[in-house]
Amino acid sequence: MLLRQLALVDQWELTRENIDDMVNIALDTSDQEWFEQLITMRNEKEREEQKWRK
């Protein structure tokens with residue numbers, strides 16, 4: 001993602017792909033706290049998407 005594409009977090013929505021990319025960065029940097037936060041976000045996004053599929 002280019003820096004010029006970044007905005008305040010409340011102004012953009014993370015996609016599943018964005019979250020997965022950040023999970024990989026968290027793993028590469030051994031940032032366990034960030035990894036856990038991202039996994040929680042990903043799980044919440046999956047639950048939200050499943051609601052719309054039903």
Open item on the list: Can you confirm whether the side chains of Q50 and E46 place a donor and an acceptor under 3.5 Å from each other?
Closed with: no
Could you grab the distance from atom [atom1] of [X] to atom [atom2] of [Y], nearest 0.5 Å is fine?
X   : Y   : atom1 : atom2 : result
N24 : F35 : CG    : CZ    : 9.5 Å
T29 : M22 : OG1   : CE    : 12.0 Å
I19 : R42 : CD1   : CZ    : 8.0 Å

Task: Residues that E17 engages under side-chain contact (heavy atoms from CB on, under 4.5 Å), provided they are two or more places apart - done: T15, D21
Open item on the list: Check whether K45 reaches the backbone of T40 with its side chain - one donor and one acceptor, N or O, closer than 3.5 Å.
Closed with: no
Task: Contact check, side chains of W34 and V23, non-hydrogen atoms, under 4.5 Å - done: no
